Amino acid sequence: MAALCISFLFQLFFCLVFSLPTGRNSICGYKSCPATNPSMLNVHLVPHTHDDVGWLKTVDQYFYGDRNNIQHAGVQYILDSVIDQLQKDPARRFIYVETAFFYRWWKQQSQSTQRIVTQLVNEGRLEFINGGWCMSDEATTHYSAVIDQMTLGLRFLNDTFGECGRPRVAWHIDPFGHAREHASIFAQMGYDGFFFGRLDYQDKARRMKTKEMEMLWRASESLTPPVADLFTGVLPNGYNPPEGFCWDQSCDDAPIRDDPDLEDYNVDEIVQLFVNTSYKQAAFYKTNHIIMTMGSDFQYENANLWYKNMDKLIKYVNALQAKGSKVNVLYSTPSCYLQELNLANFTWPLKTDDFFPYADAAHDFWTGYFTSRPALKLYERLSNSRLQTCNQLEVLGGSKSTSGPFGEGDSDTMKRAMGVAQHHDAVSGTEKQHVAYDYARRLATGWAHCEILVRNSLAVLSGSEAPRVFCENLNISVCPLTESSHKFSMNVYNPLGRTVSWPVRLPVNGSAYNVTDSTGKTVESQVVPLSKSTKEVRRNRGYAKGELVFQVEAPPLGYSTYIISMHKDEPQASSAKPTATRSIQNKFLKVTFDDTTGLLSSLTNLETNQTIRLTQNFYWYNASVGNTESPQTSGAYIFRPNSSDPLVINKTAEIQIVTLSNTVQEVTQWFSPWVSQVVRLYEGRKELELEWTVGPVPVADGLGKEVITRLETDIKSSDCFYTDSNGREVLERRKDYRPTWDLKQTEPVAGNYYPINSRAYIKASDDKHQLTVVTDRSQGASSLYNGSLEIMLHRRLLHDDFRGVGEPLSEPGEFSDGLVVRGHLLLTLTPPDTAADVHRPLAQGMVLQPLLSFQDGTPSANTKLQFSGLQADLPPAVHLLTLSQWDKDLVLVRLEHQYEAKESKTYSQPVTVNLQKLFSTLKVLGASEMSLGANQWKEDMNRLQWNPEKTSKPLPLSAKDPSPGEVTLNPMEIRTFLLRVQQL
């Protein structure tokens, strides 16, 4: 047997730790579905509740039913009530979605209640749908965090209920637009279908007319169908019940009064209304099956109200069949409904783009939340990077990582915090302010647990148990140790599977320092002055006079140590003066500035001899407060400027500091007291860095402001630009255009905004130039003019947008005068056919940044100054997406091909990795491939097959593994493995 094949005992061991038995009498899944009538219109009633994992209240407040003065909602009571009611009639069904809540509730239940719930699950009467820790946002989430939160929820369901806990259907009824990458992820996780509630009003009207409310979504142009194909359905009423049939305690629809001896008997009226509603809905769908969502936000606290009336509805509507009625009503679930659509064996329209942007009326585009709460968006992104580092070091450091010299640490707290943060009212920025604080607090708590684990692991790997600190405020040049110490060491941990170089900036008070790497080699460094905006932002925190700048390098999945000591000799003179400059340049790039305005004027790639005109400035859109045409205002969700022309903050930029050194060249631009920027070229880097600082946004004039930066070039982009989908595949965007329908554009700015998670670019129609912008967080972006690209950076608004959050998006910031936000944009100029070779690794490096930690003094002689967890760098096309401890001796690994098909002449090819030669400290004893969600063996995945409309587009082919132990990755493919390992 091949070395990497799994022995019978190893497979048995996997089964014992990975899956619980479902019980002999399990009839869950599709075989638990109720019978339907093929000659009738079958109406599938789906009892459900939609439980936001934070929105108007925190996740804890929602679970316990606290602060009902804000919103009456208590999830624990919903589950209590539903479980009680399900036991009273075996025909009743209920679906549950948010595992974060169910996990909390389950832990509090007695063994007898747990046995009852398990039986309900085994019989298909309680069915888990979607199954992630939350129902994630689709515009502002990064794919790696989405996969993690799905894995967290799915694992709990699998560990608790076995195969019967595995969801068959993805269910995103509330997110505000839908990403193609999400559909691809769901398909690769083994889901058979996907249902959602929100669809652009124009798209929905067209689909209703053409009976295209259900379709096959081909969610990747790189993966061979049907790998990323996902049957997708648009629900008819969002996720609410039809009008007149809401029987929750929060509703005021009439109950079914079925005693003819009592006043107001209404059975005939209700039945006729339901029959009419059913036929009206059926007119928009292709089969003789329709679905009705019976529930809504936080409903079923008193489930008896719902079930008592639905029981009657089913009884009386079906009784009409004896009189010739052709309507058959039944309790059902999304998976049972999906099965009937599959059995119909129809041909379904093919969808290949996405569902952004989303508008629910002519002037109501939900494109503001792409940028809302930009500081929280960055904190979530950085937390994702820290979680991956935490996961990796838990594996590399072994058992002492969670229980070592610095105490008890864990990664689970951070996983749950990140899981909650992916919710569609969390990282989206559409929650109340006190809830945003709670999300941030959870992430901070999660990192506090991870910090201990990281300290323990680095102590094991380095052999040094000296105290280690992490500087949380380096973005504003605050780090007490580096500011006060004359000699200290810095550990640079690299979570990527390739060697990285990275510019480091440390706040210091000396004028010159000596920096040496782990081999003792001197590293060139420079102390540069602090910008005025940095001094103002830190407000009496820290007292550094300058920043020590130097380049570091760290091996793959490992660390390097740098020793920094203050230099007593006179520093080498450098240019740092408040004077204008014509240009800055390094080996690869040259940037010029306009003498008159102080703005950027051109960008040159010295390697390829490309030069473009490039100007950049900052503007703000005046947020609409509504008008006679429409009362709609800008708010947390909605972007609605009152004019298509933004107001320039300043036509000129004051050049305050110019630093010219061998390490970095930078120009500080001052646009106003609340907008500034540093333009940087680091030595040896192929990207131009723009570090922007915006805020506090002034609102004393009574005007809400939506702040953008706009890049204008002479690239002839033909009204097209390109955005990534959740950080992976890229989609073309065209101004005032939708691929699916003939758009009637009603908002020329907001209607052309799209989400970007890690990059956007424009390219010339003659394929000569491509300008790519890599971002450090999710933002909204557009290209409103030929050759332009604009990105929204910050929003401060004075009115609510009437979508439920109930307060203006006006973040107070730390000092209650408005939030200050700082961020980075990385610009590259390349020919289009080599652009991905640059922006793919650049974006991965922005998402997974090195973790810096510091120790005072000099490392002891026996300290290991450098370490790598890999035997060698991974091939350039391969990204180590996941390395996480699964169980004792079991490790979860995901390997990803990070290039699209035909994207790169060099890297858009299959590439092979040998699992046994991957790690330097782990011996791989066995491996088994799993679904992307790690809740099924890959060989057991058996998805429903669908018939798409014919397409003339050529389909990509997939290369196979050459031998056991060697894993071949095709473009955009992610492969997931459980490895049994032994520490070497």
Side-chain angles (χ1 to χ4, degrees), residues 50 52 54-57 62 67-73 137-140 173-177 196-205 237-241 243 246 250-252 296-299 355-373 376 423-436 621-643 697 699 702-706 746-751 753 755 780 792 794-812:
H50 175 59
D52 289 303
W55 179 38
L56 308 183
K57 305 197 293 188
Y62 272 134
R67 298 195 69 178
N68 281 339
N69 59 310
I70 297 176
Q71 181 185 14
H72 187 95
D137 182 59
E138 298 194 42
T140 62
I173 54 178
D174 197 25
F176 331 118
F196 63 76
R198 297 187 186 272
L199 175 69
D200 185 275
Y201 74 104
Q202 291 185 38
D203 193 7
K204 185 174 183 178
N237 302 300
Y239 54 89
N240 300 308
E243 188 174 348
C246 184
S250 62
C251 300
D252 55 11
S296 192
D297 291 354
F298 298 99
Q299 295 194 357
F355 291 95
F356 287 115
Y358 161 63
D360 56 7
H363 302 285
D364 307 2
F365 280 86
W366 298 48
T367 54
Y369 79 97
F370 300 161
T371 296
S372 295
R373 301 194 188 279
L376 180 62
H423 170 57
H424 58 268
D425 283 308
V427 66
S428 60
T430 54
E431 62 280 87
K432 281 186 178 292
Q433 184 65 51
H434 78 102
V435 180
Y621 287 105
N622 185 358
S624 175
V625 296
N627 53 40
T628 55
E629 183 180 2
S630 170
Q632 185 58 59
T633 60
S634 272
Y637 301 92
I638 305 294
F639 171 35
R640 192 188 179 206
N642 72 353
S643 170
V697 178
V699 290
L703 302 177
K705 297 175 177 64
E706 320 204 44
T746 52
E747 284 289 330
V749 177
Y753 256 69
M792 187 176 290
H794 199 355
R795 313 179 74 219
R796 190 177 185 189
L797 308 171
L798 302 179
H799 299 275
D800 180 46
D801 56 10
F802 313 113
R803 291 306 185 278
V805 75
E807 64 183 32
L809 181 67
S810 180
E811 299 179 90

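Values below: every heavy atom of this structure, side chains too, minus hydrogens, waters and symmetry copies. Quantities reported herein were computed from a predicted structural model and do not represent experimental measurements.
Taking the six-membered ring wherever Trp is involved, the centroid distance between the rings of Phe176 and Tyr369 falls below 6.0 Å. In this structure, the ring of Phe639 has its center no less than 6.0 angstrom from the ring center of Phe370.
Across all their heavy atoms, Gly177 and Glu138 have their closest contact at O-CB, 3.7 Å. What you find for Met792 and Thr371 is that their closest heavy atoms are O-OG1, 3.1 Å. Between Gly704 and Leu798, the shortest heavy-atom distance links the atoms N-CD1, 4.0 Å. Taking all atoms of both residues into account, the shortest heavy-atom contact from Pro641 to Ala750 is CD-CB, 4.4 Å. Shown here for Cys246 and Gln299, the closest heavy-atom pair between the two residues is SG-NE2, 3.7 Å. Closest non-hydrogen pair, Pro808 versus Leu797, comes out as CB-O, 3.5 Å.
With contacts defined as side-chain heavy-atom distances shorter than 4.5 Å, the pair His424/Thr430 does not qualify. For the pair Glu811/Leu376, no side-chain contact is recorded, criterion being any heavy-atom separation below 4.5 Å from C-beta on. Contact annotation: the side chain of Asp800 approaches that of Val805 to within less than 4.5 Å [non-hydrogen atoms, C-beta and beyond]. Residues Ser372 and Thr140 are not in side-chain contact: their nearest non-hydrogen atoms beyond the backbone lie 4.5 Å or more apart. Considering only heavy atoms from C-beta on, Trp366 comes within 4.5 Å of Arg803 through its side chain. A heavy-atom distance below 4.5 Å is found between the side chains of Glu706 and Arg795. Between Phe355 and Leu199 the shortest side-chain heavy-atom distance falls below 4.5 Å. By the 4.5 Å heavy-atom criterion applied to side chains, Tyr62 and Gln71 are counted as neighbours.
Side-chain N or O atoms of Asp364 include none that pairs as donor or acceptor with a backbone N or O of Ala359 at under 3.5 Å. In terms of modelled atom types and a separation under 3.5 Å, the side chain of Ser428 and the main chain of Asp137 share no donor-acceptor contact. The closest donor-acceptor contact from the side chain of His72 to the backbone of Arg67 lies at 3.5 Å or more, if one exists at all. A donor-acceptor contact shorter than 3.5 Å is absent between the side chain of Ser634 and the backbone of Ala623. Under a 3.5 Å cut-off, the side chain of Asn68 and the backbone N or O of Ala73 do form a donor-acceptor pair.
Between Asp801 and Arg640 no salt bridge is recorded (no basic side-chain N to carboxylate O distance below 4.0 Å). With salt bridges taken as basic N to acidic carboxylate O contacts below 4.0 Å, one links Arg198 and Asp174.
A donor-acceptor contact closer than 3.5 angstrom links the side chains of Asp297 and Tyr239.
Between Thr746 atom OG1 and Phe365 atom CZ the span is 4.5 Å, to the nearest 0.5 Å. Asn240 CG to Ile173 CD1: the interatomic distance, rounded to the nearest 0.5 Å, is 8.5 Å. Residue Lys432 holds its NZ atom at 9.0 Å from CH2 of Trp55, rounded to the nearest 0.5 Å. To the nearest 0.5 angstrom, Asn642 atom CG is 4.0 Å from Asn622 atom CG.
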*Dump the intermediate steps for side-chain contact (heavy atoms from CB on, under 4.5 Å) on Tyr637 and Leu809, then the final yes or no.*
CA-CA 9 Å; Tyr637 301 92; Leu809 181 67; over 6 Å; no
*Starting from the C-alpha separation in whole Å, work towards a yes-or-no answer on side-chain contact (heavy atoms from CB on, under 4.5 Å) for Phe298 and Asp52.*
CA-CA 8 Å; Phe298 298 99; Asp52 289 303; 4.0 Å; yes
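Results of the side-chain contact (heavy atoms from CB on, under 4.5 Å) test with Glu807 over Glu431, Gln433, His434 single out Gln433 as the only residue that passes.
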